[in-house]
Amino acid sequence: MTNASDAARQNRPHGRMTGGRALAEMLRLSGVGPMFGMGGFQLLPFYDALGQLGMQHFLINDERCGAFAADAYARVTNRPGICDGTLGPGATNLVTGLIESLNGGIPVVAIAGDTNRAHSWKNMTQECRQVEILRPAVKELIRVEETSRIPELTRRAFAVATSGRPGPALLDVPEDVCHSSHDFTADDFAIDPATLAAPARRIRPDRADIERAARLIAAAKRPLLLVGGGIHVSNAHAALAAFAEAQSIPVAHTMSGKGGIACTHALSVGLFGRYARIANDLIEASDCLIVVGCKLGEIATKRYALPPLHIPIVHLEIVAEEIGRCRSAAVALWGDARAGLEDLTAALADGARAARAARADYLAELPARMTAWAEDAAPRLNSSDRPIHMARLCTELNRALPADSILVADGGFAGHWTGLLYDTKAAGRHFIPDRGLASIGYGLPGGIGAALAAPGRPVVAITGDGGFNMVLGELETARRAKLGLTVVVVNNAASGYVKALQHAMMGGRYQSADLSEMDYAAVARAMGVGGIRVEDPGRLGAALAAGLAERDRPTVVDVVVTRDPGQMLPAVDNRTVEIKQGDRVA
Ligand SMILES: Cc1ncc(C[n+]2csc(CCOP(=O)(O)OP(=O)(O)O)c2C)c(N)n1
Ligand SMILES: [Mg+2]
């Protein structure tokens, strides 16, 4: 046995302890970061052990937000985020957050307390059929029936969370399993280090398929890379840049794939799908699309209108059955994004110089197209309108946020506008939208998780006022955690996306779409954190700088943006679509 594994063994506990203690010990040995949850009777020994072991655990004010925070923590670190909820309502509150991680392929280990089995189904307080409710919300629900099996099943949870396409694993722990004691040996607490971060293991696409893809790409005059969130999960940034640069292939991204390469990289052509700068036009004109870590879902495809059917697709994806679900692939590459991109680069290496020469004119189009787009968008990007134009807010974020910062974006217009107009200045997870389930309410708790995952780095959460109202209580959590998090509230006094759709599709009949006029900066100040109200676009820069300068308390920057539902959508073309009954305008 090596010295390193000797040390690891010596670090392991042994002897009689509760199930809760054994669970906490396993999490300690797994090197987890801060955890998020709200206690109850069932998990009391677990909470007690966390305290005894000096582990970081944050009381959250809504378990859904704990799951959101764990999800964002995992996106920044690629290590499983940890969240917990107690029996019944605690467990059911986790559902929305866990589905975000499930759909987004994000590693999370969640823990739910369950009833004492001596009394189950006798109308115990908080009791419900939580296992059945939670099972479809996670990659695997692991019911723990024996205290002695806690270490084994915790190992299993990490393996499930980080392997293949990552996702949430949930340990459902009955009260008696958590409270009972067992004589454990040090060997019980073995850890597999390979399963502590995603991707746990890499699988390479079949070599013959790589050769077929390489032939298709080599023959293409206008190949285009379409990348999704899988680029981040696989940590494939360097491999993507190397492939794109060697072959002179531009890169378009989904909202989740932003930062696959820096938005400021010469080969980045921005967002594609529902909203786009120049990428959708490039898709239409392409002769070979290389789709990587992207499911080609509704938003990426403009509700399945893109890409045109005649363009061959090379689809590189970790979930085999995801390939061909929405669009057939000419070549299916089943495997890890980084490994597949490395293999494509190698397979095409001999012809790389010739390929770059042949595609010089193609690449020369990009700056010209981008400049034309920027000139058209300039009045909006530099608008001095009051209320403030969303494009101007994005411009100010681009100016204020340095390369190492993280912008967490909520489900409403906050995410769509920044998805289109925010520019990451470095490759990596610098932009975190919750596109797994696209719930509103992710912004603030996601910002908490990201800030704890990236201490010392600037973290800004941008959220709609509706999304902020949903989770306002977590401002108390952020204050208690002493986080220098900046929360930008897109204050349009509306459930804006709904109102914009009602404007476009229902003849301006607005139903349940308006919110009260609120001063969220004043609310923030009353909660003991910073609050700055901005009505003048000229003051946005200073407000963001003041927020970023706060190191140990959050700041809410309440930005008064347009209240005109005809001006809310990010792109002109989406307002001019011919709308049939039942269609969506955007
Ligand atoms: C939990 C949840 N409920 C409903 C929706 C549908 N929805 C999408 S955007 C939106 C408007 C949200 O309002 P706000 O957070 O203020 O964002 P805005 O669109 O005004 O920028 C709604 C209700 C959702 N995505 N998530
Ligand atoms: Mg709103």
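The basis for the numbers below is simple: all heavy atoms, side chains too, and nothing from hydrogens, waters or symmetry mates. Keep in mind the model is a prediction, meaning the values are calculated, not measured. One-based numbering, in listed order, for ligands and for the atoms of each.
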For ligand 1, is any non-hydrogen atom under 4.0 Å from Asp465's backbone (N, CA, C, O), its side chain (CB onward), both, or neither? both
Give me the one residue out of His237, His430, Arg429, Lys258 that meets side-chain hydrogen bond (donor to acceptor under 3.5 Å, both in side chains) with His232. His237
Between Arg480 and Glu474, does at least one N-O distance fall below 4.0 Å, as a salt bridge requires? no
N/O/S of Ala493 less than 2.8 Å from the Mg ion (ligand 2)? no
Please report whether atom 6 (C) of ligand 1 has a protein non-hydrogen atom at a separation of less than 4.0 Å. no
Given atoms OD1 of Asn492 and OD1 of Asp465, what angle do they subtend at the Mg ion (ligand 2), to the nearest 10 degrees? 90°
Any chance the side chains of Thr86 and Gln42 put a donor and an acceptor closer than 3.5 Å? yes
Paired with Asn491, the side-chain hydrogen bond (donor to acceptor under 3.5 Å, both in side chains) test is passed by just one of Arg563, Glu535, Glu517, namely Arg563
Among all the protein's non-hydrogen atoms, which is closest to atom 9 (S) of ligand 1, and how far away is it? Tyr497 CB, 3.6 Å
Around atom 20 (O) of ligand 1, find the nearest protein heavy atom and jot down its residue, atom name and distance. Gly496 N, 2.6 Å
Side-chain heavy atoms of Leu485 within contact of Val487, under 4.5 Å: yes
Checking heavy atoms under 4.0 Å, the part of Ala494 that sits near ligand 1 is backbone
With a 4.0 Å heavy-atom cut-off (strictly under), which part of Met470 contacts ligand 1: side chain, backbone, both or neither? side chain
With nothing but distance in play, are any N or O atoms of Gly466 less than 3.5 Å from an N or O of ligand 1? yes
